[in-house]
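So that the names make sense, note that chain A is the first sequence line, chain B the second, and so on, each numbered from 1. The model shown is predicted, which means the values in this text are computed figures rather than measured ones.
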Protein chains: 2
Amino acid sequence: MNEMEVSMANVEDRNDLPTKPIPEPTLRRLPLYYQYLKKVRDEHKGDFISCTQIGNDLSILPIQVRKDLGIAEAVGKPKLGYSIDELISIIETFLGWNNTKDAYLVGVGHLGTALLGFERFKEYGLNIIAAFDIDKEKIGKTIHGVKVFHLGKLHDMVKRMGIKIGILTVPASPAQELTDEMVRAGIRAIWNFSPVKVNVPPDIIVQHENLASSLVVLAKKLTLARQNQS
Amino acid sequence: MNEMEVSMANVEDRNDLPTKPIPEPTLRRLPLYYQYLKKVRDEHKGDFISCTQIGNDLSILPIQVRKDLGIAEAVGKPKLGYSIDELISIIETFLGWNNTKDAYLVGVGHLGTALLGFERFKEYGLNIIAAFDIDKEKIGKTIHGVKVFHLGKLHDMVKRMGIKIGILTVPASPAQELTDEMVRAGIRAIWNFSPVKVNVPPDIIVQHENLASSLVVLAKKLTLARQNQS
DNA sequence: TAGATTGTTAATCGATTAACAATC
DNA sequence: TAGATTGTTAATCGATTAACAATC
């Protein structure tokens with residue numbers, strides 16, 4: 001490959017489609033680094049940090065930290081490490097936390113209410129600007145600064161505001177129907193906290209948050225640990 | 001390998017340690033199959049179901065369904081498929097949902113309250129039998145059938161009841177301290193809903209539930225989909 | 001019987017981990 | 001300078017997917 005080809009490849013990578021896929025495990029670890037780095041910054045112990053340091057503190061192999069940071073396009077200095085401030089800002093940019101995305105939440109039960117109270121979401125570029133329910137007790141109220149509307153208004157409001165992200169915090173039974181309704185209105189990505197898998201057209205993104213799955217992993221690890229120690 | 005060796009190997013696998021590790025992705029999919037199978041059973045469309053059918057409905061490759069069910073030690077009939085009832089019962093047994101595990105919950109905020117209300121956990125063998133907080137408003141109250149105690153009673157109650165699972169639903173700041181306290185008292189597995197990674201001794205299990213990580217995956221997929229379609 | 005489906009072994013794919021030259 | 005650390009290429013590992021004989 002000659003110099004011309006190299007520079008062409010760079011241009012393609014940065015400006016053109018398709019963007020190369022980022023490994024999901026890396027994507028999931030970046031927020032961990034971010035939270036850790038902000039803590040470290042507040043301790044004022046220096047301006048630079050090494051992968052060895054990060055890895056030790058987070059129980060992740062240093063080489064993996066280096067790979068992840070490389071994918072996020074961070075650049076370090078041999079012997080010194082990475083600038084903490086720069087790293088924080090690079091992760092923010094890479095994950096798109098600078099430009100906020102608006103979202104609607106459907107289902108103001110216990111979990112929905114809890115999510116409405118997560119101030120932290122704003123830090124991660126997510127802004128829940130309205131909630132929907134069918135319970136007359138809740139409609140019209142403002143919960144954690146977010147107004148609750150009747151579900152019947154969902155379609156028009158999604159259309160009018162051009163909302164792309166929907167958060168689904170409802171029981172199993174109405175989950176599919178409400179998903180269909182959101183998709184019809186123009187929602188492109190659904191964060192699904194309901195206990196069932198919902199079906200969507202191929203161009204719609206669904207992120208299924210399944211507490212049962214997580215609990216199973218925890219419980220099985222506990223059982224295996226007991227067996228192997230006995 | 002002769003017949004003797006084969007039978008010896010079987011005996012070891014079934015009765016002796018160490019139990020062979022189960023792939024975590026499989027473990028996470030099993031509850032999905034379970035929820036789906038219960039729905040199918042209630043529709044009374046027949047007694048048997050094939051991997052093709054399950055896979056189509058859940059958007060999972062049939063061969064992967066077959067692998068997963070095999071790992072859970074399910075046995076099917078060529079041409080017919082698997083008995084739905086048998087499959088449900090095999091998953092319940094394999095995941096240990098028959099014998100309930102008691103747990104304590106620490107931090108009765110919005111999320112903690114929501115988790116206390118999840119009746120579904122009982123189905124998955126998890127029984128939250130007490131909650132702890134430092135807020136005098138909450139102490140002494142019963143939320144969703146679970147009594148809230150002062151945090152100071154955690155240590156003695158864990159010891160006395162032999163509780164092994166702790167659910168941590170607190171903000172970042174007290175998370176590590178409360179983890180240490182739980183471990184000292186005898187907790188062996190922590191389901192961590194706090195926004196920070198907590199450090200534990202090597203024999204303690206931590207399952208970190210990180211909403212920021214999930215949100216990042218959702219948002220990045222949405223961004224990539226837009227770029228590739230433009 | 002014929003054909004769909006299981007169970008198992010092999011091939012592929014992608015993420016993790018190792019190796020090592022470049023460098024502040 | 002010497003040594004720790006980065007960035008990159010190669011090796012390993014484990015999960016997914018494919019292939020195919022056995023079978024109700």
Which is true for B:G70 with a 4.0 Å heavy-atom rule: it touches a base, it touches only sugar-phosphate, or it touches nothing?
nothing

Rounded to whole Å, how long is the line connecting atom CG of B:D68 with atom P of D:dT17?
11 Å

Salt bridge (charged side-chain N to carboxylate O under 4.0 Å, His left out) partner of B:E43, the single match among B:K45, B:K39, B:R41
B:K45

Check whether any side-chain heavy atom of A:T179 lies under 4.5 Å from a side-chain heavy atom of A:L168, and answer yes or no.
yes

To the nearest Å, how far apart are A:I49 CD1 and D:dA4 P?
18 Å

Identified side-chain contact (heavy atoms from CB on, under 4.5 Å) partner of B:R29 from the options B:I71, B:V65, B:D68:
B:D68

Test item: B:S89 side-chain N/O and B:D85 main-chain N/O as donor-acceptor pair under 3.5 Å:
no

Can you tell me the distance, in whole Å, between the CD1 atom of A:I22 and the P atom of C:dG14?
15 Å

5'-to-3' dot-bracket of DNA chain C (Watson-Crick, G-U; under 3.5 angstrom; crossing pairs as [ ]; | other strand):
..||||||||||||||||||||||

Only counting residues at least two apart or in another chain, list the ones meeting side-chain hydrogen bond (donor to acceptor under 3.5 Å, both in side chains) with A:D180.
A:Q176

Whole-Å distance, B:K67 NZ to C:dT12 C1', equals 12 Å

Look at the side chain of A:T52 and decide which nucleotide, out of C:dT5, D:dG7, D:dT5, has an atom nearest to it.
D:dT5

Fit a plane to each ring of B:W97 and B:Y34, take the angle between them on a 0 to 90° scale, and name the class: parallel (under 30°), tilted (30 to 60°) or perpendicular (over 60°).
perpendicular

NE2/A:H110 to CZ/B:F118 distance, rounded to the nearest 0.5 angstrom?
9.0 Å

To the nearest Å, give me how far apart CD (B:Q53) and P (C:dT5) are.
9 Å

Straight-line distance of A:C51 SG to A:L69 CG, nearest 0.5 Å:
5.0 Å

Side chain of B:P25, heavy atoms from C-beta onward: which of D:dT16, C:dT16, D:dT5 has the nearest atom to it?
D:dT16

Atom CG of A:N56 and atom C1' of D:dT5 are separated, to the nearest Å, by 14 Å

Any base atoms under 4.0 Å from B:G76, or only sugar-phosphate, or nothing? Heavy atoms, all strands.
sugar-phosphate

Close side-chain approach of B:Y124 and B:K101, heavy atoms under 4.5 Å
no

How does protein reach along nucleotides 19-24 of chain D, written 5' to 3' as B (base within reach of a heavy atom under 4.0 Å), S (only sugar-phosphate), or - (no contact)?
B---BB

Length of the line joining B:I60:CD1 and D:dT17:P, which is rounded to integer Å:
10 Å

For A:L61 and D:dC13, give me the distance from atom CG to atom C1', rounded to whole Å.
13 Å

